[in-house]
Number of protein chains: 2
Amino acid sequence: MTEPVEKSASGRRGTATAERKQQIIAAALKCFTEKGYEKTTVADICRESGCSVGSLYHHFGNKEGVAGELFIHAIELLNADLLRRLQRCRTVASGVRMVVTQYSDWVTAHPDFARLLHSGDVEFTESAHLRLREIYRGHITAVFEWFHPYVVAGLMRVLPPETYVPLISGPIRDYTRQWLSGRVQKEPAQVQGVFAEAAWNAVKVEV
Amino acid sequence: MTEPVEKSASGRRGTATAERKQQIIAAALKCFTEKGYEKTTVADICRESGCSVGSLYHHFGNKEGVAGELFIHAIELLNADLLRRLQRCRTVASGVRMVVTQYSDWVTAHPDFARLLHSGDVEFTESAHLRLREIYRGHITAVFEWFHPYVVAGLMRVLPPETYVPLISGPIRDYTRQWLSGRVQKEPAQVQGVFAEAAWNAVKVEV
DNA sequence: GATTTACTAGAACGATATTCTATATTAGCA
DNA sequence: TGCTAATATAGAATATCGTTCTAGTAAATC
């Protein structure tokens with residue numbers, strides 16, 4: 001199980017390579033969405049993208065490699081969208097609520113990505129795992145930096161650091177999970193109000 | 001893929017069969033805990049339990065069948081434990097807090113079961129799926145019945161029914177997930193106070 | 001005791017992820 | 001431009017693993 005190549009992409013070759021990888025990624029997303037990760041075969045992905053197994057393994061190392069890149073791509077879209085929307089908030093309350101509403105809007109708009117992110121059965125290669133940890137750390141740091149001034153100003157409760165994320169995002173994530181598995185009907189975006197309010201309630205300073 | 005046999009267990013044969021099934025279940029739990037569901041092979045389970053493939057398939061139909069029974073067993077332990085502890089509560093506030101503290105106590109005490117319940121990559125047979133839905137429905141009903149009088153009495157907020165579970169249990173479940181994946185160190189039981197308080201805060205009637 | 005049913009065993013099978021070998025294409029450079 | 005090394009593609013071969021099949025054993029029932 002050798003790691004896939006990662007080379008400087010110069011000229012025509014580079015863009016062609018990037019396109020091919022993109023085709024495979026797109027085909028994989030389609031297959032995973034239709035049949036789930038476990039049930040899509042690499043033959044499926046090859047058929048859908050029109051590439052050979054050799055080519056797929058050359059670029060991604062293995063099936064997990066494909067899923068890993070797709071997963072990371074999805075995470076980065078989600079994270080970037082949050083930071084963008086968070087920058088526009090002008091009060092702590094709206095910032096906390098935004099964490100919830102952005103998440104529910106995003107998963108409602110991109111259920112295929114959401115399903116992938118929640119699926120849990122994607123095992124990662126060592127390198128993807130490390131990269132993911134790094135991305136998570138960076139994102140959390142950026143979000144905490146946004147909130148930090150308000151904590152200092154006494155507008156947000158001081159809590160054990162590792163509890164903020166579950167307190168604010170836990171309920172909407174839990175609801176989303178149930179929605180993806182078909183246990184509840186209403187889209188996350190339709191019930192975000194309740195969860196956004198609860199999130200602010202959980203971290204605001206009592207009057 | 002024929003369904004496994006399910007016969008009346010009478011005499012020596014019956015107990016021997018039950019023991020054998022139990023051995024397989026126990027071996028499976030051990031393997032899943034050590035290597036994860038996907039990476040344990042049925043050969044692993046057979047080796048660990050000392051049975052043959054034929055025997056395993058006779059009793060459980062397939063690998064999912066083993067995981068399904070284990071999963072259901074775990075869920076039922078968890079649910080029964082909650083209902084037992086909930087019955088001893090004498091106020092709404094303590095009941096809501098109990099939902100959180102019981103969960104965190106239980107997953108801390110049974111991390112192997114917790115890992116299985118959170119793993120997400122167990123696909124179920126049709127019958128296991130239906131049984132699971134039934135169990136979930138019954139449990140939710142029982143829990144809601146306990147809380148109902150308090151809602152009627154105006155001591156708990158009236159919210160969309162499908163939001164109670166995420167509001168109360170979402171944060172601790174989310175935290176547990178992070179704990180199981182190694183992203184946070186403290187056991188759920190060590191931070192349950194914050195989440196129990198938040199749960200009550202989310203559903204209590206404002207003064 | 002005979003017969004049916006439940007159980008066990010392990011070989012055989014089929015599907016699928018992965019590796020291997022060969023070939024083609026492109027980039028870099030003399 | 002032609003040569004060489006690095007990249008990329010293709011598909012056959014391999015290995016692993018879930019599942020099925022066939023045969024044999026033990027227990028229950030009559």
Side-chain angles (χ1 to χ4, degrees), chain A residues 1-25 27-28 31-32 35-68 121-126 128, chain B residues 1-25 27-28 31-32 35-68 121-126 128:
Chain A
M1 185 133 60
T2 47
E3 288 284 304
V5 287
E6 200 66 58
K7 277 289 160 178
S8 59
S10 60
R12 209 185 316 167
R13 172 78 140 268
T15 62
T17 297
E19 274 170 29
R20 171 48 58 101
K21 286 189 72 171
Q22 206 45 48
Q23 286 165 10
I24 295 174
I25 287 281
C31 292
F32 294 161
K35 319 173 61 172
Y37 175 72
E38 291 302 337
K39 292 208 176 141
T40 88
T41 67
V42 327
D44 286 335
I45 301 174
C46 290
R47 196 174 325 114
E48 185 69 34
S49 70
C51 79
S52 66
V53 278
S55 199
L56 187 148
Y57 277 84
H58 173 71
H59 290 297
F60 296 97
N62 55 21
K63 185 181 165 187
E64 285 173 5
V66 180
D121 44 24
V122 180
E123 297 279 340
F124 298 103
T125 59
E126 188 62 17
Chain B
M1 185 134 59
T2 48
E3 288 284 305
V5 288
E6 200 64 57
K7 278 290 163 179
S8 59
S10 59
R12 209 187 316 169
R13 172 76 140 266
T15 61
T17 297
E19 273 170 28
R20 172 47 58 100
K21 286 191 73 172
Q22 207 44 49
Q23 286 167 9
I24 295 174
I25 286 281
C31 293
F32 294 160
K35 319 174 63 173
Y37 175 72
E38 292 301 338
K39 292 210 175 138
T40 88
T41 67
V42 326
D44 287 334
I45 301 174
C46 290
R47 196 174 325 113
E48 185 69 35
S49 69
C51 79
S52 65
V53 277
S55 198
L56 187 149
Y57 277 83
H58 174 74
H59 289 298
F60 296 96
N62 56 20
K63 186 181 167 189
E64 286 173 5
V66 181
D121 45 22
V122 179
E123 297 278 340
F124 298 103
T125 59
E126 187 63 15

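Proteins come first, then strands; the chains are lettered A, B, ... in the order of their sequence lines, and each starts at number 1. As the structure is a computational prediction, the values presented were derived from the model and not from experiment.
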Quiz item: Which heavy atom of B/D44 sits nearest a heavy atom of B/K39, and at what distance?
Solution: OD2-O, 3.9 Å
Quiz item: Do A/T41 and A/K35 have side chains that get closer than 4.5 Å, going by heavy atoms?
Solution: no
Quiz prompt | Distance, rounded to the nearest Å, where B/E123 contributes CD and D/dG18 contributes C1' | solution = 15 Å
Quiz item: Any side-chain N or O of B/S55 less than 4.0 Å from the OP1 or OP2 oxygen of C/dT8?
Solution: yes
Quiz prompt | B/K63 side chain, from C-beta outward: closest of D/dG18, C/dC7, C/dT18 | solution = D/dG18
Quiz item: Does OP1 or OP2 of C/dT25 have a side-chain N or O of A/R20 closer than 4.0 Å?
Solution: no
Quiz prompt | B/Y37 OH to D/dC17 C1', straight-line distance once rounded to whole Å | solution = 12 Å
Practice problem: Mind calculating the distance between OH (B/Y57) and C1' (C/dA11) to the nearest angstrom? | Solution: 15 Å
Quiz item: Can you check whether A/H58 has a side-chain N or O nearer than 4.0 Å to OP1 or OP2 of D/dA10?
Solution: no
Quiz item: Atom CD1 of B/I24 and atom P of D/dG18: how far apart are they, to the nearest Å?
Solution: 15 Å
Self-check item: Presence of B/T41 side-chain N/O under 4.0 Å of D/dT16 phosphate oxygens OP1/OP2
Solution: no
Exercise. Answer yes or no: does a side-chain N or O of A/S52 lie under 4.0 Å from OP1 or OP2 of D/dT9?
Key: no
Exercise. Quickly work out the B/E64 CD to D/dT20 P distance and round it to whole Å.
Key: 11 Å
Quiz item: Can a side chain N or O of B/H59 be found less than 4.0 Å away from OP1 or OP2 on C/dT8?
Solution: yes
Quiz prompt | Minimum side-chain heavy-atom gap B/E64-B/Y37 below 4.5 Å | solution = yes
Quiz item: How do A/E38 and B/G50 order along DNA chain C: which one's closest nucleotide is nearer the 5' end?
Solution: B/G50
Quiz item: Rounded to whole angstroms, how far apart are NZ on B/K21 and C1' on C/dT8?
Solution: 15 Å
Self-check item: B/F60 CZ - C/dT8 P separation (whole Å)
Solution: 10 Å
Self-check item: Whole-Å gap separating C1' (C/dG10) and CG (B/L56)
Solution: 14 Å
Practice problem: Evaluate the side-chain proximity of A/I24 to A/K21: yes if any heavy-atom separation is below 4.5 Å, no if none is. | Solution: no
Self-check item: Shortest non-hydrogen separation from B/Y57 to B/K63 and the atoms involved
Solution: OH-N, 4.5 Å
